[in-house]
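All residue numbers in this chain count up from 1 along the given sequence. Remember, it's 1-based here, ligands and their atoms both numbered in the order they're listed.
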Amino acid sequence: MKHSIIAIALAATMASTFAHAADDTEKRIAESRATIKAFGMKLKGELQAAMKAGGPANAIKVCNEVAPAIASDISMEKGWRVARTSLKTRNSSNKPDAWETKVMESFERRKAAGEPANKLEFSEIVEADGNKSFRYMKAIPTGEVCLKCHGAKIDPKIEAKLDSLYPDDQARGFKKGDIRGAFTVSQPM
Ligand code: HEC
């Protein structure tokens, strides 16, 4: 009798612990999604405004200076790391770590298997050097406007500017619909 009461109490505690963990994960996913959505919209707005004002050559500075600045503002505000990365980076300081590489490779496989690129996301609790973090990634599809600077045929004037800024540029030759890269979030736990 006593045992079964303990067993029931234990089971109830465990169930509520699992429920809590699931709630916590759902909350972290929702917060990551919202943060990235805000980041993406801000970036798109700045990019479109700069393109309109002075064409792609003018807009390069949005990607070059504004994107990292927005990412670092959000990171400071949240106490997380928020950034953009890719399997083919333009700026080598955006290069992925091993976990990010693995996730983006799985995005490529999932896309090849028919999942829409704009729906690809993944999250996991990762432990490294004794530190636990909640990590989240969302794929960034290549749109028409991206091709001006990431496509196969880039205006020579823009190409020259990209060459001088990014001697190690791998982010050309993309087609519309390709996965250009991903947003990445890391929340310390
Ligand atoms: C005006 C030129 C231009 C356009 C248009 C443009 N980009 Fe970029 N993109 C850049 C530059 C420059 C960088 C390097 C930014 C840096 O130094 O961090 C970059 C970097 C990136 C990165 C970070 C990873 C990396 O390669 O270093 C992603 C992801 C990205 N762009 C996606 C896009 C997407 C998606 C679009 C379309 C919505 C787009 N870009 C449109 C110029 C452009």
Side-chain angles (χ1 to χ4, degrees), residues 32-77 80-112 115-123 135-186:
S32 301
R33 278 190 192 129
T35 302
I36 275 169
K37 195 169 174 190
F39 181 15
M41 272 165 59
K42 185 142 195 216
L43 204 54
K44 210 168 168 185
E46 298 264 3
L47 189 66
Q48 277 165 351
M51 294 275 258
K52 215 169 158 188
N58 177 55
I60 287 178
K61 72 170 184 298
V62 170
C63 302
N64 178 220
E65 293 161 19
V66 181
I70 300 173
S72 95
D73 280 354
I74 299 175
S75 301
M76 295 260 277
E77 184 196 318
W80 303 343
R81 183 181 154 265
V82 178
R84 295 189 306 168
T85 185
S86 177
L87 290 172
K88 293 182 189 155
T89 50
R90 171 150 289 164
N91 185 338
S92 48
S93 61
N94 296 327
K95 273 203 195 315
D97 66 15
W99 184 85
E100 289 165 334
T101 300
K102 199 184 69 185
V103 173
M104 287 189 287
E105 285 170 354
S106 80
F107 284 169
E108 293 291 349
R109 285 195 298 273
R110 286 165 58 184
K111 180 174 176 282
E115 273 187 67
N118 62 349
K119 294 277 183 272
L120 293 167
E121 59 174 354
F122 182 77
S123 65
R135 302 194 68 174
Y136 171 90
M137 288 185 89
K138 185 171 188 352
I140 308 174
T142 308
E144 188 72 46
V145 59
C146 319
L147 302 179
K148 291 225 159 26
C149 299
H150 293 296
K153 269 202 233 99
I154 300 176
D155 182 291
K157 264 207 338 247
I158 297 162
E159 202 148 48
K161 209 158 177 178
L162 291 174
D163 283 343
S164 73
L165 282 169
Y166 304 101
D168 197 20
D169 188 5
Q170 299 179 324
R172 297 182 203 180
F174 283 87
K175 296 188 300 296
K176 196 178 165 187
D178 284 347
I179 300 174
R180 171 59 193 90
F183 289 110
T184 179
V185 171
S186 179

Got more than 12 heavy atoms from elsewhere within 6.0 Å of NZ, K111?
yes
Considering only heavy atoms, does P141 approach ligand 1 within less than 4.0 Å through its side chain, its backbone, both, or neither?
backbone
Check: E115 main-chain N/O paired with R110 side-chain donor or acceptor under 3.5 Å
no
Option whose closest heavy atom lies nearest to atom 21 (C) of ligand 1, chosen from R172, R84, R90:
R84
Measure the distance from atom 26 (O) of ligand 1 to every protein heavy atom, then report the residue, atom name and distance (to 0.1 Å) of the closest one.
R180 NH2, 2.5 Å
If the test is side chain to side chain donor-acceptor pair (under 3.5 Å), which one of N64, N91, T89 qualifies with Y166?
N64
Relative to each other, are the rings of F174 and H150 parallel, tilted or perpendicular (30° and 60° limits)?
perpendicular
Counting from 1 in the order shown, the ligand 1 atoms closer than 4.0 Å to a non-hydrogen atom of C149 are 1 (C), 2 (C), 3 (C), 4 (C), 5 (C), 42 (C), 43 (C)
Could you give me the CA-CA distance, side-chain angles and deciding distance for R135 and D97, then say whether salt bridge (charged side-chain N to carboxylate O under 4.0 Å, His left out) is met?
CA-CA 12 Å; R135 302 194 68 174; D97 66 15; 3.0 Å; yes
Could you list which atoms of ligand 1 come closer than 4.0 Å to a heavy atom of P56?
1 (C)
Classify the side-chain pair E100/T184 by whether it contains a donor and acceptor separated by less than 3.5 Å.
yes
Distance (rounded to the nearest 0.5 Å) between R33 CZ and K138 NZ
8.5 Å
What protein heavy atom sits nearest atom 39 (C) of ligand 1, and how far off is it?
H150 CD2, 3.5 Å
Give me the nearest non-hydrogen protein atom to atom 11 (C) of ligand 1 as residue plus atom name, then the distance to 0.1 Å.
C63 CB, 3.2 Å
Take every heavy atom of T142, measure it against each atom of ligand 1, and state whether any distance is under 4.0 Å.
no
At what distance is the nearest protein heavy atom to atom 38 (C) of ligand 1, and which residue and atom is it?
C146 SG, 2.7 Å
Considering residues, nucleotides and ligands other than K37, do more than 12 of their heavy atoms fall under 6.0 Å from its NZ?
no
For ligand 1, is any non-hydrogen atom under 4.0 Å from N94's backbone (N, CA, C, O), its side chain (CB onward), both, or neither?
side chain
heavy-atom search around atom 14 (C) of ligand 1 in the protein gives Y166 OH, 3.4 Å
Per-atom contacts of ligand 1 with I140, taking only distances under 4.0 Å to non-hydrogen atoms:
29 (C), 35 (C)
Should S86 be counted as touching ligand 1, given the test is an N or O pair under 3.5 Å?
no
Nearest-0.5 Å distance that lies between atom CG in L87 and atom CD in E105
6.0 Å
